[in-house]
Amino acid sequence: MRTDKVHMADSGKLLSQLADRISYLIDIKGNSEWSNVGDLLGRVQGLRQSLFEIKEADLFEEIDRIEDRVSFLEDRVAEKLGPAEIVNIVRSPQRFTLMDILENVYDSYTELGGEGDCNIDPAIVVARATISRRVKNKLYSHQVMVIGHEKGRGEEYRNGGCARPWGNDKALRYMRVAETEGIPIHFYIFTPGSYPIEDYPGAAQQIARNLYVMAKLKVPMVSFISEGGSGGAEAIGVSGLRLMGSRSYYSVISPEGAAAIEGKIREGEKVPRELVKHCAAQLKITAEDNLKLGTVDRIIEEPPLGARRDDFPFFHRLRYEMLRATDEVVLKTKNFRAFRAYALKRREEEGKEVPEDFDLFIGWSLTDLEIERLLEFRLKKYMELGKGYFLENRNILTEGIRKTKIFASKTYYDLRYGLLRPHHRNVQKVIEEVSSEGSVFLRKVTEPVRAAYDFVFPQPERPGKIVRSEGPERKSIFAEEWESYVSPLANEDCTVTCPNASKYGCLDLWVPDLYGEFCGVCPNCGHHFPLEYQWYLENLFDKNSVHEFNDHIASCNPLGFQGYNVRLKKDIKRTGRNSSMITFDAEVWGLRLVVAMLFSNFRGGTVGTAEGEKFVRACDVAGTTRRPLLAYIHSTGGIRIHEGTLGVVQMPKCTLAVREYNDNGGLYIVVYDNNSYAGPVASFLGCSLYQFGMRSSRIGFAGPRVIRETTGQDVPPDYHSAKNALRRGHIQGIWDRREFKKNLHDALMTLGGPNLYYK
Amino acid sequence: MDINLNDLLRRYRSHPFEDYPVETPHTGVVFLKVKEGQTVKGPGGEWLHRPGTLLYVIERERNAKRITALWSGQVSGIRLDIEGQFVEAGELLFSIRHQLDKEEIIDRILTQVLYILPAPQRARYFLAPEISAKMEKQPKEGVSVESGDEVLIMSLMKRDTVISYEGVPGALYKVYFKSGDTVEQGSPLLGICPPDKLQYVQKVIRRIRTEWEK
């Protein structure tokens, strides 16, 4: 009788496991109709209900039959696992989460900044943990900071791993703690994307801040990606080594989002499943694809259908890989030869079983010199991302001339600013100090004599001379405009209505007046009508001062996205440009600066590898020539989805370039116009210390539709307005187009100091 | 204040509509987009940011302006003769017959029955502390005000001015704003009901709430 009970209990357990396996198959295939798995689940549930009514022998026979069928189906699914199925694996409730990793990979941990639902943002979990390794029967433990997204086990408060801005802020706070304590950071990325709200600190701006800090964080960092949803993943994703599970995805946008854009699906309508599948395949989101593209460094093998909560061999492997990866990041900063030997050994080990023991113990603390090397390696690694995935339309001769020019200008500016300027400044400083000391000394001696003289022969007070500041000669922008450039929009003989007419009673505007004399601004309410980017090139900068560079870098279709080539060619033909970014030298009332401009006509001002590379090179030029860098964003729609994760990695790449430029003393100003959304704002734009918005511009992380679809809440029509961005502290001021040049000049003079460059 | 409430009610019962005339804002050629009897919707969304049904397009100087409905209701008295014609400003095109719901009728009756205290200028308004303390303790109909009572505080440019009530004494029946809101000049702030009419008004409102169909 007793044995029967045990057997019955076993069968209950077996049935429960079978039910889990079948539900998992349903999760992966996305429907219960595939190979009648729904019926199979029904059979298992029927058996569970009538467990004590069936004979034991019959029951086990039936269980065996179902198990065979389930194993067969699992093998079939594993054989043809497409990107859409991988997305379903990652989203399955049976997938392992960060808490499972903390429990199974680390020896012990203490959650920081809250626990469970009592937390500033339960979607982000931060923990101080210990991880140990055995070397020759001796146990060594390491202290690490673990930061990651927690999708939860169905808890609503976890928000599915979508970090709110303050969650990312918490992550940043503890990154700094790790830096203070000198312990490595392990990032675990389990996010479908960041939660798109603009409340302070702002989704985009906080991600940008995180990237900016991570660029120079003085500790080794390793990240593991399970679900890498675009910007949300980048918020805690900059690292020396990026690992990815073999059944994980890393993507610029969710396949559903891409399908809605590609299929031009209207809000509220269902996206066809086939289109989602197609987009998932086009976006190149799997681990193998990302490894090929160079956006991740290593794949960690999972079971054929992905690791689940109770997959202890996988956790064992993950623990080994995290230790190894951290070792590798640390060793890179140490002796080069030691690293090479280590790397060689590592290559031999790949694909083998995870060993129980480590050969040697590697300490993870770094000296100052090693930290310097760590940062250099990180910068170099990110600068290499996306290289080879854009076109450089140049022949050998012109390329040679370009390289010579770069070398010559680098030598000249290094000599001028690196060698002579410090001496000049030191001499000037000494002279200033000596003369001020001397004058104090002389005044002490002469003051009594002078006082006595003044007392005896009093002098009538004379008005002091008025010294006028020798500011630049300022001409009316209107006069210049008529002389040089008038928007072609002004050629139409009609009127337009100001969008604020019902609110402020604006009269209809005659188009030649509006786009000519009024600079596209409603004279009544000040609403800014959009103007083409050429208008700014002609009117914002001094005449003939704009000299474009790197115009040979061109966008292409690195992922072979179907149908994208035609659209790209169309845009190239229509705009006469190769990418949506223009980089040039220019002058504003004699002040020389480097400008990177994103404009809307080319693929909606989206950023891909070509744009990222151009921006990085503009930072280099500004750094070499010691000039301020202006990012003027005519419009940007985010990261170009057709370039997949190659586009996403432009976020950290460009932010690292900005950080390098700023740390070397550069002045970086961002001005947003029209619409600026998503990736670029959440990285190299949002990280700027000085950001300004033009009137009537919109700045944000996600547009209203995405917010509605993600959060289920509507947002007010002015949610992304520049005024609200200013109110939230995302920008420092709102500029009027008619005074753009003056405002820019003032900002350069005020923020830039006497040399427009700090060091 | 000598209003016969029964007459008012009868009037609304026999004609529970408000006709809003749709007139051209300026000269231009009109292209109608609605038909006689068509039901149109007013602006929607939490912030009334979704425009209502497109009513007509008026084109002047090659600027085709799309005019949408500001009220929901039915199109009536449409002038089909002006379709595609040039019209002057203020030309009546049609009316939107808007069916009043219970709350709108109550509002309309209250504005006629109550003594309304309007906002003297555009500013932020707060209820006087004594009044709000009284309102917390008892229903607002029980809070009575008399001429000379300090009822409101107007906050403008960091200056707080106390506003005294001048009018017939009565119960504070309706507060039209939230404390701290900015109220436009002339908009109603408080509605005061004379004590002799209080019970009668309450009875009528109860009747509307229970008996009115929509």
Side-chain angles (χ1 to χ4, degrees), chain A residues 197-199 266-268 488-518 520 522-525 527 529-530 675 696 698 700 703-709 711-721 723-724 727, chain B residues 20-33 40-72 84 86-91 93 96 98 121-122 124 158 178 180-187:
Chain A
I197 41 171
E198 295 299 328
D199 301 349
R266 282 199 296 184
E267 194 174 346
L489 292 167
N491 294 335
E492 212 175 337
D493 179 21
C494 67
T495 61
V496 287
T497 309
C498 175
N500 297 329
S502 58
K503 200 172 172 189
Y504 300 115
C506 312
L507 299 175
D508 279 4
L509 295 154
W510 191 47
V511 163
D513 269 354
L514 175 67
Y515 292 108
E517 194 182 345
F518 301 157
C522 172
N524 185 47
C525 71
H527 173 78
F529 288 79
N675 298 307
S696 310
R698 287 163 181 275
R705 178 179 169 171
V706 176
I707 295 178
R708 276 195 293 271
E709 282 173 357
T711 66
Q713 284 177 331
D714 208 354
V715 289
D718 64 343
Y719 190 61
H720 294 108
S721 68
K723 205 170 179 181
N724 276 329
R727 210 168 269 149
Chain B
Y20 292 106
V22 176
E23 294 168 345
T24 49
H26 53 67
T27 56
V29 180
V30 168
F31 303 96
L32 294 166
K33 299 289 173 191
V40 294
K41 273 187 186 172
E46 200 180 332
W47 300 273
L48 299 176
H49 57 291
R50 283 193 210 106
T53 314
L54 175 66
L55 297 178
Y56 65 96
V57 175
I58 183 163
E59 191 176 324
R60 181 181 67 172
E61 298 278 346
R62 295 172 60 212
N63 177 16
K65 204 178 279 181
R66 294 160 66 86
I67 309 292
T68 53
L70 295 177
W71 309 276
S72 49
F86 180 85
V87 294
E88 294 292 334
E91 188 84 36
L93 301 178
I96 293 178
H98 173 71
Q121 55 182 301
R122 189 182 187 275
R124 279 168 53 189
K158 294 184 181 173
K178 265 192 227 156
D181 272 4
T182 302
V183 183
E184 293 295 326
Q185 186 180 19
S187 300

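Please read these numbers as outputs of a predicted model, since none were measured by experiment. Each chain gets a letter, A, B and so on, in the order its sequence line appears, and its residues count up from 1. Atom set for the values below is all heavy atoms of this structure, side chains included, hydrogens, waters and symmetry mates excluded.
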If you take all heavy atoms of [X] and [Y], which pair is closest and at what distance?
| X | Y | result |
| --- | --- | --- |
| A/P717 | B/H49 | CG-CB, 3.4 Å |
| A/D493 | B/R62 | O-NH1, 2.9 Å |
| A/T495 | B/N63 | O-CB, 2.9 Å |

Is the count of non-hydrogen atoms from other residues, nucleotides or ligands lying under 6.0 Å from [X] atom [atom1] greater than 12?
| X | atom1 | value |
| --- | --- | --- |
| A/Y504 | OH | no |
| A/R705 | CZ | yes |
| A/R708 | CZ | yes |

Check your understanding: What is the distance from atom CG of A/D508 to atom CZ of B/R60, rounded to the nearest 0.5 Å?
Key -> 4.5 Å
Check your understanding: How long is the gap from CG on A/D718 to CH2 on B/W47, to the nearest 0.5 Å?
Key ->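 Here the interatomic distance stands at 9.0 Å.
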Review point. Looking at A/V511, A/V496, A/T497, which makes the most heavy-atom pairs under 4.5 Å with chain B?
Key: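 With the most close heavy-atom pairs to chain B, the winner is A/T497.
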